[in-house]
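Remember, it's a predicted structure, so these values are computed and weren't measured experimentally. First the proteins, then the strands, lettered A, B, ... as listed; each starts at 1. Quick note: numbers below take in every heavy atom, side chains included, and nothing from hydrogens, waters or symmetry partners.
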Number of protein chains: 2
Amino acid sequence: MAVSRRGTGRDGRPTLEQVAARAGVGRGTVSRVINGSPRVSDRTRAVVQQAIADLGYVPHRAARALAANRSDAIALVVPEVESRLFAEPYFSGIIRGVSLELADTDIQLLLTLIRTPKERARFAQYASGNRVDGVLLVSVHKDDPLPDQLSELGIPVVMNGRRSAEEMVPHVDCDNVGGAQLAVEHLIGRGRRTVATITGSLDMYAARCRLEGYQEAIRAAGHEPDEELIASGDFSEEGGHAAMRQLLTRRPSLDAVFCASDLMAIGARRALRELGRTIPGDVALVGFDDSSLAQHMDPSLTSVRQPMEGMGRAMTRTLLAEIGNEGPDHPGLVLPTELVRRASS
Amino acid sequence: MAVSRRGTGRDGRPTLEQVAARAGVGRGTVSRVINGSPRVSDRTRAVVQQAIADLGYVPHRAARALAANRSDAIALVVPEVESRLFAEPYFSGIIRGVSLELADTDIQLLLTLIRTPKERARFAQYASGNRVDGVLLVSVHKDDPLPDQLSELGIPVVMNGRRSAEEMVPHVDCDNVGGAQLAVEHLIGRGRRTVATITGSLDMYAARCRLEGYQEAIRAAGHEPDEELIASGDFSEEGGHAAMRQLLTRRPSLDAVFCASDLMAIGARRALRELGRTIPGDVALVGFDDSSLAQHMDPSLTSVRQPMEGMGRAMTRTLLAEIGNEGPDHPGLVLPTELVRRASS
DNA sequence: ATCACAACTGGGAGCGCTCCCACGCAACCG
DNA sequence: CGGTTGCGTGGGAGCGCTCCCAGTTGTGAT
């Protein structure tokens with residue numbers, strides 16, 4: 001009948017019980033102190049804290065998780081395919097933000113790469129139950145069912161980016177429209193007259209937003225967007241290259257291009273070089289992402305920077321709010337983007 | 001007196017107990033089936049597995065961790081400072097490897113960024129106790145005490161890279177010496193006569209190894225390494241730029257350079273351009289890391305590729321062995337590197 | 001048929017914690 | 001002055017699992 005009440009945890013580490021004994025109080029009181037309950041007198045609290053310090057006590061996560069029915073862990077889910085594409089600012093930026101935000105919460109970050117649809121399904125099952133308190137989803141595709149699945153299971157979720165303008169799942173995105181506008185305004189402001197754009201895969205919401213930003217900026221400058229100046233890439237270098245050649249064929253006189261990704265800008269640059277155009281002399285170039293490629297390109301590439309770290313932080317804050325209050329504090333957050341000017345424009 | 005034996009877990013999910021009831025066996029038996037114990041008859045095993053499937057039972061991690069005194073989680077520790085430098089192939093490659101290796105073990109991956117020495121200390125404390133079963137350390141510096149600290153605490157550790165040739169902590173490294181040799185041999189094989197090198201910070205073991213590889217290859221070709229052809233960078237672009245100018249001043253006639261990192265190669269390229277040298281016409285260039293920069297540089301950069309994914313996998317395997325058998329199966333593993341030939345050489 | 005032994009199996013105890021009920025006590029009410 | 005309130009506290013019960021010790025059964029040898 002549970003009378004052991006031993007002097008130490010099985011791995012030699014102190015337990016709640018010992019802290020209580022040392023402080024001359026009950027287990028409940030120590031637990032209250034640890035969890036910051038206000039229902040403890042200051043005197044008692046001090047004594048307990050001293051005992052904790054003396055013993056070097058660290059709460060046992062698993063025990064706590066089991067008793068409290070929470071895990072103190074959130075998962076960051078990354079589709080495997082994407083991890084390859086992860087331009088460094090993206091991946092590490094998000095992680096840094098999440099990690100920063102988690103730093104003083106003692107919530108753990110679980111990293112989960114998902115490779116196959118089968119694994120995706122397994123994850124949903126796995127995440128349900130009390131395996132994680134919440135899930136952060138990154139680079140979700142248009143028709144990915146996971147966000148809704150998790151939501152329906154009652155698991156707090158926050159995604160990065162959104163699948164459409166009507167995204168129902170809580171999310172944090174960056175201002176793709178605004179960023180594109182910034183880029184195009186900048187180009188026009190530098191005296192460029194014929195500004196073209198190379199879009200990303202238009203089945204991705206972000207790509208559509210960037211196109212929209214381009215169009216708005218053109219209109220704001222008093223022109224009507226010209227279909228001939230819009231070529232679609234697919235976010236890849238090769239796509240950028242092909243689109244650029246197309247553009248140059250249609251409008252040899254163009255003098256600026258806004259690319260919806262840095263990678264496409266690299267492809268575009270190659271095409272421009274091949275056709276004897278100088279950058280930025282003949283044609284000004286602007287990218288999107290501000291990846292390390294932009295910085296080291298020759299000439300260095302003007303690009304739209306997304307606040308990766310800020311998105312990571314915001315996602316985490318949102319998720320924690322969702323976990324805590326039963327409901328996120330906003331349906332969707334859009335963070336501003338920023339234009340980083342370099343030599344290409 | 002524990003007589004509840006309820007029909008369901010508190011969050012509505014089935015428990016071991018229910019599986020046992022449904023299968024008409026005791027808890028112990030179900031536990032044995034789940035943990036793959038051989039001491040169960042085939043018939044019973046089948047029945048239990050059916051019950052598990054019927055109920056969609058998933059073991060409760062925390063309960064299991066508490067009872068078994070292990071956590072089924074390993075931590076990947078990354079110094080924050082580095083996460084910024086993380087060339088994408090590095091970070092995501094390691095993570096992908098680790099994650100792949102973990103895929104069928106149901107061990108979780110905890111990602112921990114460490115920012116300050118204070119956090120480092122906290123982590124050591126935290127990792128002790130039964131918070132994680134083992135630790136993967138990445139980009140450890142020469143005088144980082146963490147590996148030894150953890151080792152002394154009896155926590156299984158595997159690091160990526162080593163701090164010196166006498167590294168005592170289990171580790172997985174890539175063949176820096178061999179990679180450098182490959183690069184230099186390639187250069188010599190292409191008819192280059194005066195091959196210089198730009199080294200990384202020589203207080204890092206990897207940098208010293210790459211230099212050593214360079215020297216060995218030079219000797220193997222029948223020459224004596226010439227101090228004038230060795231300039232030290234610090235792994236940065238700026239460092240590469242400065243080193244290249246120095247080299248060009250000392251030996252205007254050099255016709256090849258092996259850079260200990262791609263970033264330095266970019267700096268070197270700038271210097272070469274500034275001084276009117278063409279690549280690879282006048283000077284051939286080889287980098288190290290095979291980052292995305294190498295691929296997209298103009299001209300694309302020949303570079304030494306490290307098996308990032310393989311290292312991640314190997315580290316994980318080693319750690320798991322260490323956790324399982326009380327002792328890693330090797331003191332240190334060195335994986336081969338590979339030369340990726342591109343336009344710059 | 002008897003015994004020894006192995007192969008399986010059931011379930012008590014307990015992991016370290018949180019939850020919550022009940023208890024003491026002091027301040028406060030009419 | 002008895003009766004409330006409420007704060008601060010102790011500790012039983014129990015989270016869902018594993019461990020391990022007793023059974024219980026089946027097998028082969030005698």
Side-chain angles (χ1 to χ4, degrees), chain A residues 1-48 52 55 57-72 106 129-131, chain B residues 1-21 23-48 51-52 55 57-72 106 129-131:
Chain A
M1 296 204 47
V3 197
S4 84
R5 307 294 93 183
R6 307 188 307 160
T8 191
R10 93 189 110 176
D11 48 7
R13 299 188 63 79
T15 68
L16 228 210
E17 184 99 23
Q18 292 160 60
V19 175
R22 172 159 190 133
V25 301
R27 288 188 345 271
T29 303
V30 178
S31 177
R32 265 166 235 133
V33 169
I34 289 169
N35 294 296
S37 157
R39 314 172 65 68
V40 181
S41 70
D42 291 344
R43 246 180 56 76
T44 309
R45 186 190 316 280
V47 174
V48 171
I52 290 178
L55 261 33
Y57 169 75
V58 182
H60 191 294
R61 275 198 112 82
R64 182 186 264 209
L66 177 58
N69 197 28
R70 55 187 166 72
S71 66
D72 280 337
D106 96 329
N130 25 23
R131 282 59 182 170
Chain B
M1 297 197 54
V3 196
S4 84
R5 306 295 94 182
R6 307 186 309 159
T8 190
R10 95 189 107 177
D11 48 7
R13 300 187 64 78
T15 68
L16 227 210
E17 184 99 24
Q18 289 160 63
V19 175
V25 301
R27 289 188 344 270
T29 302
V30 178
S31 178
R32 263 166 238 133
V33 170
I34 289 170
N35 294 296
S37 157
R39 314 175 63 69
V40 181
S41 71
D42 290 344
R43 246 181 55 76
T44 309
R45 185 191 317 281
V47 174
V48 171
I52 290 178
L55 261 34
Y57 168 75
V58 182
H60 191 294
R61 273 199 113 82
R64 183 186 263 211
L66 178 58
N69 196 28
R70 55 189 165 72
S71 65
D72 280 338
D106 97 328
N130 24 21
R131 283 57 183 172

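- Here D:dG14 presents its C1' atom at 15 Å from CD of A:Glu17, a figure rounded to the nearest Å.
- Side-chain atoms of B:Arg32 come within donor-acceptor range of the base of C:dG10, with a qualifying N/O pair under 3.5 Å.
- Between the P atom of C:dT18 and the CZ atom of A:Arg61 lies a distance of 12 Å, rounded to the nearest Å.
- The nearest whole Å value for the distance from the CG atom in B:Asp42 to the C1' atom in C:dC8 is 12 Å.
- Computed from coordinates, the A:Asp72 CG to C:dC17 P distance equals 13 Å when rounded to whole Å.
- For the pair B:Leu16 CG and C:dG11 P, the computed distance is 14 Å after rounding to whole Å.
- When all heavy atoms of A:Val30 and A:Ala20 are compared, the closest pair comes out as CG2-CA, 3.5 Å.
- Atom CZ in B:Arg27 sits about 9 Å away from atom C1' in D:dT18, given to the nearest Å.
- Between A:Val30 and B:Arg45, it is B:Arg45 whose nearest contact on DNA chain C lies nearer the 5' terminus.
- Minimum interatomic distance between B:Tyr57 and B:Thr15 (heavy atoms only, all atoms of both residues): CE1-C, 3.5 Å.
- One interatomic measurement links the two molecules: CG of A:Asn69 to P of C:dT18, which rounds to 13 Å at whole-angstrom precision.
- For B:Leu66, the listed nucleotide lying nearest its side chain is C:dC15; candidates were C:dC15, D:dT18, C:dC19.
- Taking only side-chain nitrogens and oxygens, B:Thr29 comes nearer than 4.0 Å to OP1 or OP2 of C:dG10.
- With D:dG8, C:dT9, D:dT18 as the candidates, the nucleotide lying closest to the side chain of A:Ser41 is D:dG8.
- Note: CG (B:Asn35) to C1' (D:dC19) measures 11 Å, nearest angstrom.
- The distance from atom OG1 of A:Thr29 to atom CG of A:Leu16, rounded to the nearest 0.5 Å, is 10.0 Å.
- Comparing C:dG10, C:dC17, C:dT18 against the side chain of A:Ala68 picks out C:dT18 as the nearest.
- Atom CZ in B:Arg13 sits 10.5 Å away from atom CG in B:Leu55 (nearest 0.5 Å).
- In terms of position on DNA chain C, the residue among A:Ala62 and B:Pro38 whose nearest nucleotide sits closer to the 5' end is B:Pro38.
- Closest approach of A:Ala23 and A:Val47 over heavy atoms only: O-CG1, 3.6 Å.
- The side chain of B:Ser31 places no N or O atom within less than 4.0 Å of a non-bridging phosphate oxygen (OP1 or OP2) of D:dC17.
- Close to D:dG8, at under 4.0 Å from its OP1 or OP2, lies no side-chain N or O of A:Thr44.
- B:Arg39 comes within 4.0 angstrom of a nucleotide base, judged by non-hydrogen atoms across all strands.
- Between the side chain of A:Arg13 and the base of C:dG16, no donor-acceptor pair of N or O atoms lies under 3.5 Å.
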